[in-house]
2 protein chains.
Amino acid sequence: MADPGPSAPPAPPRAGRATLVDVAAAAGTSASTVSRVLHGGAGVTDELAERVRRAARELGYSVNRQARTLRRGKDTAIGVALEDFTIPFFGRIVAQVEQAAHERGYGVVITCAGSGRSEEEAVEPLLSRSVAGLVVATGTAGAPEGYLAELAAELPVVQVDAPSASSHSDTVGIDNEGAGRLLTEHLLARGHRRVLFVGSGPAATTVQLRRRGYEAAMREAGLEPVSAWLGYLPSETTERAVDLLREHADPAAPGGGITAVLSGVARVTMGLASAMTRLGLRDLAFAAVDDLAGADAFNPPLTVLEQDVEGMGARAAELLFARIDGDRRPPVHEQVPLQLIVRGSGELPPRAPR
Amino acid sequence: MADPGPSAPPAPPRAGRATLVDVAAAAGTSASTVSRVLHGGAGVTDELAERVRRAARELGYSVNRQARTLRRGKDTAIGVALEDFTIPFFGRIVAQVEQAAHERGYGVVITCAGSGRSEEEAVEPLLSRSVAGLVVATGTAGAPEGYLAELAAELPVVQVDAPSASSHSDTVGIDNEGAGRLLTEHLLARGHRRVLFVGSGPAATTVQLRRRGYEAAMREAGLEPVSAWLGYLPSETTERAVDLLREHADPAAPGGGITAVLSGVARVTMGLASAMTRLGLRDLAFAAVDDLAGADAFNPPLTVLEQDVEGMGARAAELLFARIDGDRRPPVHEQVPLQLIVRGSGELPPRAPR
DNA sequence: CTGAAAGCGCTTACAG
DNA sequence: CTGAAAGCGCTTACAG
């Protein structure tokens with residue numbers, strides 16, 4: 001590097017990111033003014049403002065959020081607590097939320113609330129960053145009402161895929177009970193009598209509601225509901241599904257001779273599909289709440305009750321930002337529409353598949 | 001509220017989160033000491049330390065990260081830039097990275113780098129939060145070498161699923177060219193001669209490499225490689241795949257009469273599967289780089305070259321934290337092993353499927 | 001072993 | 001219209 005010489009400008013450019021003070025120095029003004037020009041808006045001479053903007057551009061200045069947040073009290077960031085990143089449903093939610101946040105200049109900090117981590121442990125990292133609000137999609141992770149209620153008293157919280165209409169925070173979800181009922185009625189209308197409901201586990205409240213809808217529809221048709229749980233671990237789902245289906249496909253067994261399977265949640269749909277293929281149960285009708293990418297390529301193909309997941313994510317973000325912007329109306333509870341997509345369950349099955 | 005009366009303790013508890021000063025007041029000591037007890041470690045009397053810890057517990061104190069970061073210069077958070085949250089591959093990466101970060105007390109802030117957002121626009125929100133390091137998995141999103149190189153000079157960056165061995169940052173990925181070659185050789189060994197390679201688009205460098213491996217294997221067998229692109233939009237993939245397969249399955253067409261399809265990337269595998277089902281192409285052999293949950297339920301079933309995605313994510317996090325902790329070795333480039341899982345491509349197809 | 005003080009980079013009343 | 005100053009909550013030399 002050449003020596004700049006004795007007549008070089010006073011302060012050499014500092015290392016690292018440029019600060020407001022650097023920009024002020026370069027523009028020959030004060031930090032206050034730079035802040036006003038860059039974020040505050042009006043009240044500055046055009047000429048000065050232009051000089052500041054040029055200096056900022058030349059120095060590659062961008063605001064230090066920590067400092068801003070420390071000063072303002074709230075971060076321009078929202079937190080997202082998800083049950084599981086590997087399930088596309090949740091990925092589609094974050095994608096929408098991230099998009100909405102990005103458009104508003106907000107950052108997104110995430111945390112995983114599944115796999116035995118407590119709600120509190122999951123959320124603390126978000127709170128200690130002073131996020132401006134929270135999107136919580138912990139789906140089947142249990143009933144965090146108590147803790148969330150406390151939280152919602154202090155900052156905006158929107159629950160996605162919520163099991164129930166919370167009185168503390170906005171919720172966006174589907175009509176779970178109606179979903180279970182609708183799919184069951186569809187199968188019954190096609191002539192099925194022995195329909196097996198399969199969920200992840202009894203702790204998954206949304207799944208319980210879907211099951212309730214299934215049971216109601218079965219009982220109204222004078223049929224005996226039969227349901228089973230496959231657990232929450234993808235690694236075990238397929239094995240368990242194989243055992244389960246082998247048992248219930250057997251016409252001789254109690255609760256056996258089923259002709260249709262109703263999957264209550266995306267988490268187990270995959271395992272059921274794999275198990276059917278492995279057992280060669282091509283005549284079983286197969287329906288599920290939640291769609292699955294590629295489900296039309298399954299064998300047997302999958303009839304689904306599709307929800308507008310992107311709509312849910314986008315709406316959740318909208319509600320959250322409205323709250324952040326000061327909306328103080330009582331909590332709202334929205335349900336996105338469901339759409340039945342008939343793929344495999346249309347064909348009437350033989351009386352007793354084997 | 002009852003008046004606390006004249007002899008009440010001096011300062012009423014403040015609203016909002018408790019600060020270090022609140023804790024200090026409650027414990028009858030200074031902020032310095034509280035900080036030392038809670039984070040600094042040694043150098044404080046057991047008795048005082050205990051008093052501080054109790055006060056902190058009672059006030060529900062937890063550190064304000066903004067303030068800490070502002071002071072320290074680096075946030076205890078890492079950034080993750082992902083191409084697409086809705087593709088399970090990326091979800092599995094974040095899940096691992098988040099887990100590793102959580103274990104070390106780090107937060108995770110995310111940003112989406114796909115869908116026309118520039119690399120810079122995607123990463124800026126992370127930088128303005130002073131993240132301590134970056135995991136970049138922008139996969140097919142183009143060749144960000146220039147920008148990333150600049151970035152990597154200033155903070156630790158690990159690239160996941162990187163197209164090439166960067167000289168600026170650590171990378172974790174697979175042997176892309178080898179993957180294309182291996183799968184192609186598998187198909188050729190099963191007697192296939194007309195194998196169609198399908199990728200997302202020419203800008204996806206990793207896919208280009210896989211294609212190169214495919215082409216090399218074809219040429220070495222004296223065969224003419226034929227490849228096609230389906231684009232990056234899930235919404236269009238299936239439609240395009242239908243057109244594509246109809247064309248190439250036709251024995252009369254140029255480049256037609258294919259007996260096997262090789263999918264170069266997860267993004268298009270689903271669409272290909274759907275198209276095959278829709279066209280009833282059950283005799284086509286189907287193989288893909290990347291596994292797909294539920295692929296064993298496809299019809300035809302899918303032979304895959306599975307990569308240890310969890311391993312990739314975990315390893316990327318490990319490398320990143322090593323760098324954050326001061327590791328200054330030259331960049332390392334690691335490849336995770338691949339595993340061929342033969343499902344559908346084993347059966348020899350008829351000469352000319354229709 | 002403990003505390004007073006400075007300072008991280010910003011924003012925002014408050015003067016002028 | 002513009003700037004000096006205070007202060008957000010922490011951490012960290014520096015004294016004592």
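Note that the coordinates shown come from a computational prediction; the quantities given were computed from them, not determined experimentally. For the numbers below, each heavy atom of this structure counts, side chains included, while hydrogens, waters and symmetry mates do not. Chain A is the first sequence line, chain B the second, and so forth, proteins listed ahead of strands; every chain is numbered from 1.
Distance, A/H39 NE2 to C/dT12 P: 10 Å, rounded to whole Å. Per the geometry, OH belonging to B/Y61 stands 7 Å off C1' belonging to D/dC10, to the nearest Å. For the pair A/R17 CZ and C/dC10 C1', the computed distance is 13 Å after rounding to whole Å. Taking atom NZ on B/K74 and atom C1' on D/dT11, their separation rounds to 17 Å, with Å as the unit. Across the protein-nucleic acid pair, A/L20 atom CG and D/dA4 atom P stand 13 Å apart, rounded to whole Å. The distance between atom CG of B/D75 and atom C1' of C/dC10, rounded to the nearest whole Å, is 16 Å.
Between A/V37 and the choices A/T45, A/V23, A/V44, the side-chain contact (heavy atoms from CB on, under 4.5 Å) rule is met once, by A/V44. A side-chain contact (heavy atoms from CB on, under 4.5 Å) with A/Q159 is found for exactly one of A/T171, A/T138, A/L319, A/L134, namely A/T171.
Using a 4.0 Å heavy-atom cutoff across all strands shown, A/T29 reaches sugar-phosphate atoms only and no base atom.
Atom-to-atom distance recorded for B/Y106:OH and B/L320:CG is 9.0 Å, nearest 0.5 angstrom.
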Check your understanding: Using Watson-Crick and G-U wobble pairs whose two distances are both under 3.5 Å, how do you write the pairing of DNA chain C as dot-bracket, with | for links to another strand?
Key -> |||.||||||||.|||

Practice item. Verify salt bridge (charged side-chain N to carboxylate O under 4.0 Å, His left out) between A/R54 and A/E58, making sure each step is shown before the conclusion. Key: CA-CA 6 Å; A/R54 177 147 21 91; A/E58 275 166 12; 5.2 Å; no

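Within 3.5 Å, no donor on the side chain of A/R65 pairs with an acceptor on the base of C/dG9, nor the reverse. Between the side chain of A/R36 and the base of D/dG3, a donor-acceptor pair under 3.5 Å is found.
Within the 3.5 Å criterion, the main-chain N or O of B/D75 finds no donor-acceptor partner in the side chain of B/R65.
In this structure, a donor-acceptor pair under 3.5 Å is absent between the side chains of B/R72 and A/Q66. Remark: the B/R92 side chain and the A/T86 side chain contain no N/O donor-acceptor pair separated by less than 3.5 Å.
Regarding contacts with the backbone of C/dG3, a side-chain N or O of B/T33 is found under 4.0 angstrom from either OP1 or OP2. Between A/S35 and the phosphate of C/dT11, there is a side-chain N or O to OP1/OP2 separation shorter than 4.0 Å. Remark: B/T45 is in phosphate contact with C/dT2, judged by side-chain N or O atoms under 4.0 Å from OP1 or OP2.
Side-chain atoms of A/R104 and A/I324, non-hydrogen and from C-beta on, never get closer than 4.5 Å to each other.
In this structure, B/D46 places its CG atom where only 12 or fewer heavy-atom neighbours from other residues, nucleotides or ligands lie under 6.0 Å away.
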Identify all pairs in which a protein N or O lies below 3.5 Å from an N or O of nucleotides 5-8 of chain C, and state each distance.
residue : atom : partner : partner atom : Å
C/dG7   : N2   : B/R71   : NH1          : 3.4
C/dC8   : O2   : B/R71   : N            : 3.3

